[in-house]
Amino acid sequence: MTAELLGIDAATYRPHPLHTTERVWPESNCYVDLWIETLHALGFEPLAAAAFTLSTDFEGDQWTFFKFPLEDLRAMYGIDVNEMNVWQPLETHVVEQLALGRLLTVEADSWYLPDTTGVAYRLDHQKTAIVPQLIDPDARRLGYFHNAGYFELSDDDYDGVLRRTDELRDPRVMPPYVELVKLDGVRRSALSELVEGAIELTRAHLARRPATNPVQRMRKRLGDDLEWLRSQPLEMFHRWAFGFCRQGGSNAELAAAYVDWLAANDSNAIAPAADAFRELSNATKTLQFTLARAARGRSVDVDGNLDAMERHWDSAMAVLVARYG
């Protein structure tokens with residue numbers, strides 16, 4: 001039977017403004033992006049829960065693969081997310097949970113996702129995550145959130161994503177990681193309540209912010225990686241840059257948007273922090289372009305760029321800590 005929760009159409013769906021093509025980083029990572037669109041489609045403002053961008057760090061060889069913390073989703077919207085035991089065919093779980101008024105986040109292979117055409121679709125097996133909101137088993141049709149929008153797939157892609165092929169049914173193949181998204185306790189809070197909750201999260205994430213400037217540690221690692229990069233194929237550079245540049249830059253851009261939202265609803269005094277995060281995001285994009293030249297064997301100078309990135313991070317944090325502690 002067909003199961004559908006939100007009644008949206010991939011042909012007419014309009015993504016959240018965070019996913020406009022004018023942004024420096026139109027996409028960040030699969031988990032953050034699918035939650036931005038899922039919250040947007042549910043009628044929530046995802047920026048209200050984006051304080052987690054303030055505690056992102058450089059983890060030694062890459063930036064944090066940043067995500068909406070599940071406890072923040074519960075605190076801000078009443079959405080309850082937990083890992084689900086996949087004991088039946090994945091298709092059966094999707095049908096049953098949508099019929100119960102619940103969503104699932106599903107680990108998927110981009111090989112079967114036509115929205116990744118030209119990047120991974122039928123080209124590369126890449127782990128990602130989707131949120132199905134429509135399923136029609138008879139027509140082999142699935143509507144799903146992924147990256148920067150809402151899409152539909154069908155036929156062989158349906159069988160691949162839902163692991164209906166003989167190869168993927170093999171019991172030796174590990175089942176996908178799936179989360180159950182319960183909407184029973186959803187709250188439609190007034191703006192004043194959202195702002196109050198966002199301020200609480202801001203204080204909590206600032207308390208967990210990196211103890212030292214993460215760009216300094218990024219600089220040290222880059223010194224170790226630069227010579228190695230010159231000997232690697234371009235594909236390796238793209239894999240490396242996803243964690244080294246894109247996660248840091250896109251996090252900074254999302255942090256800027258969050259601080260803009262908070263400034264508009266709490267205090268204009270923090271607006272300079274948004275500007276500093278934007279500059280950090282732009283500088284990280286410039287760094288990525290520069291390092292792409294290095295990966296092709298060219299000599300590059302990144303010290304000035306990294307100096308600016310350090311200053312922007314310090315400036316943003318100083319403004320926010322002065323306001324929220």
Side-chain angles (χ1 to χ4, degrees), residues 6 15-19 23 25-42 44-59 62-77 79-84 86 90 93-94 97 102-113 115-116 119-121 124-133 142-151 153 161 174-183 201 205 208 238-239 241-255 257-258 281:
L6 301 177
H16 189 277
L18 285 170
H19 285 142
R23 292 180 64 77
W25 306 88
E27 296 179 2
S28 50
N29 66 57
C30 61
Y31 198 80
V32 162
D33 288 329
L34 73 83
W35 268 111
I36 288 172
E37 294 306 329
T38 301
L39 290 168
H40 174 52
L42 287 168
F44 294 114
E45 174 50 74
L47 281 172
F52 65 91
T53 54
L54 307 180
S55 56
T56 296
D57 200 357
F58 188 75
E59 308 291 359
Q62 60 190 281
W63 286 87
T64 306
F65 192 94
F66 59 103
K67 300 181 177 184
F68 284 93
L70 302 185
E71 61 269 23
D72 291 8
L73 294 175
R74 184 183 299 112
M76 294 299 291
Y77 312 115
I79 297 173
D80 191 20
V81 185
N82 293 283
E83 182 176 356
M84 182 176 179
V86 181
L90 183 55
H93 284 303
V94 175
Q97 293 302 327
R102 299 164 175 175
L103 295 168
L104 299 174
T105 74
V106 178
E107 187 178 67
D109 185 345
S110 291
W111 180 276
Y112 302 107
L113 299 179
D115 66 283
T116 67
V119 177
Y121 181 57
D124 193 15
H125 293 280
Q126 295 181 1
K127 180 178 73 69
T128 190
I130 65 173
V131 173
Q133 79 84 31
L142 188 77
Y144 63 100
F145 296 101
H146 181 240
N147 286 343
Y150 175 73
F151 310 95
L153 56 77
V161 163
M174 291 183 64
Y177 180 79
V178 175
E179 292 172 324
L180 177 63
V181 180
K182 296 176 65 176
L183 305 174
L201 291 181
H205 283 285
R208 297 199 294 270
H238 290 305
R239 291 167 57 187
F242 176 86
F244 200 88
C245 295
R246 177 170 153 183
Q247 291 306 282
S250 60
N251 179 84
E253 188 171 31
L254 182 54
Y258 171 66
S281 172

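The shown structure was predicted, so the numbers you read here are calculated from the model rather than taken from an experiment.
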> Mind checking what makes side-chain hydrogen bond (donor to acceptor under 3.5 Å, both in side chains) contact with Trp111, not counting sequence neighbours?
Replying inline: none
>> Test of understanding: with side-chain hydrogen bond (donor to acceptor under 3.5 Å, both in side chains), list the residues that count as partners of Glu71, not counting sequence neighbours.
In response: none
> Can you name the residues that form a ring-ring contact (aromatic ring centres under 6.0 Å, His included) with Phe44, not counting sequence neighbours?
Replying inline: Tyr77
>> Between Glu179 and Tyr31, do the side chains contain a donor N or O and an acceptor N or O under 3.5 Å apart?
In response: yes
> Say you draw a straight line from OG1 of Thr53 to CZ of Phe68; how long is it, rounded to the nearest 0.5 Å?
Replying inline: 9.0 Å
> Checking side-chain contact (heavy atoms from CB on, under 4.5 Å) for the pair Met76/Leu201: CA distance, chi angles, key distance, verdict?
Replying inline: CA-CA 9 Å; Met76 294 299 291; Leu201 291 181; 3.6 Å; yes
>> Please give me the minimum heavy-atom distance between His146 and Thr116, naming the atom from each residue.
In response: CE1-CG2, 3.6 Å
>> Quick one, Leu153 and Tyr112 - any side-chain contact, counting heavy atoms below 4.5 Å?
In response: no
> Passes side-chain hydrogen bond (donor to acceptor under 3.5 Å, both in side chains), Glu45 versus His40? Steps please.
Replying inline: CA-CA 6 Å; Glu45 174 50 74; His40 174 52; over 6 Å; no
> Does the side chain of Ser110 pick up a donor-acceptor pair with the side chain of His125 at under 3.5 Å?
Replying inline: no
> Can you list the residues that meet the side-chain hydrogen bond (donor to acceptor under 3.5 Å, both in side chains) rule with His205, with sequence neighbours excluded?
Replying inline: Ser55, Asp72, Arg208
>> Evaluate Asn29 against Phe66 for side-chain contact (heavy atoms from CB on, under 4.5 Å), listing each step before the verdict.
In response: CA-CA 8 Å; Asn29 66 57; Phe66 59 103; 3.9 Å; yes
> Is the Tyr144 to Tyr150 ring centre distance short of 6.0 Å?
Replying inline: no
>> Under the rule for side-chain contact (heavy atoms from CB on, under 4.5 Å), what residues qualify as partners of Glu27, not counting sequence neighbours?
In response: Asp33, Asn147, Ala148, Arg246
>> Please find the pair of heavy atoms, one from Pro132 and one from Val106, that lie closest to each other, and give the distance.
In response: CD-CG2, 4.0 Å
>> Just to verify, which of Val131, Val181, Leu6 counts as forming a side chain to side chain contact (heavy atoms under 4.5 Å, CB included) with Thr38?
In response: Val131
>> To check you understand the geometry: which heavy-atom pair defines the closest contact between Leu254 and Arg23, and what is its length?
In response: N-NH2, 4.1 Å
>> Apply side-chain contact (heavy atoms from CB on, under 4.5 Å) to residues Met84 and Leu104 and explain how you reach the verdict.
In response: CA-CA 9 Å; Met84 182 176 179; Leu104 299 174; 3.5 Å; yes
> CD of Glu59 to OG1 of Thr64: how many Å apart, nearest 0.5 Å?
Replying inline: 3.5 Å
> Given side chains that start at C-beta, do those of Phe52 and Lys67 come closer than 4.5 Å, heavy atoms only?
Replying inline: no
> What distance do Ile79 atom CD1 and Leu70 atom CG have between them, rounded to the nearest 0.5 Å?
Replying inline: 10.5 Å
>> Which residues pass the side-chain contact (heavy atoms from CB on, under 4.5 Å) test with Val86, not counting sequence neighbours?
In response: His93, Pro175, Val178
> Can you name the residues that form a salt bridge (charged side-chain N to carboxylate O under 4.0 Å, His left out) with Asp109, not counting sequence neighbours?
Replying inline: none
>> Before you tell me yes or no, could you show the steps for Ile130 and Thr105 under side-chain contact (heavy atoms from CB on, under 4.5 Å), namely the whole-Å CA-CA distance, both residues' side-chain angles and the distance that decides it to 0.1 Å?
In response: CA-CA 6 Å; Ile130 65 173; Thr105 74; over 6 Å; no
>> Suppose we screen for side-chain hydrogen bond (donor to acceptor under 3.5 Å, both in side chains). Which residues come up paired with Asn251, at least two apart in sequence or across chains?
In response: Thr56
>> How long is the straight-line distance from CD of Gln126 back to SG of Cys30, given to the nearest 0.5 Å?
In response: 10.0 Å
> In chain order, what residues pass the side-chain contact (heavy atoms from CB on, under 4.5 Å) check against Pro15, with sequence neighbours excluded?
Replying inline: Tyr13, His19, Glu37
> If we only count heavy atoms from C-beta on, is the Trp35 to Pro46 side-chain gap below 4.5 Å?
Replying inline: no
> Who are the ring-ring contact (aromatic ring centres under 6.0 Å, His included) partners of Phe58, not counting sequence neighbours?
Replying inline: Trp63, Phe244
> If you round to the nearest 0.5 Å, how far is CG of Leu34 from OG1 of Thr128?
Replying inline: 7.5 Å
> Among all residues two or more places apart in sequence or in another chain, which pass the side-chain contact (heavy atoms from CB on, under 4.5 Å) test with Lys182?
Replying inline: Asp80, Arg102, Leu180, Asp184
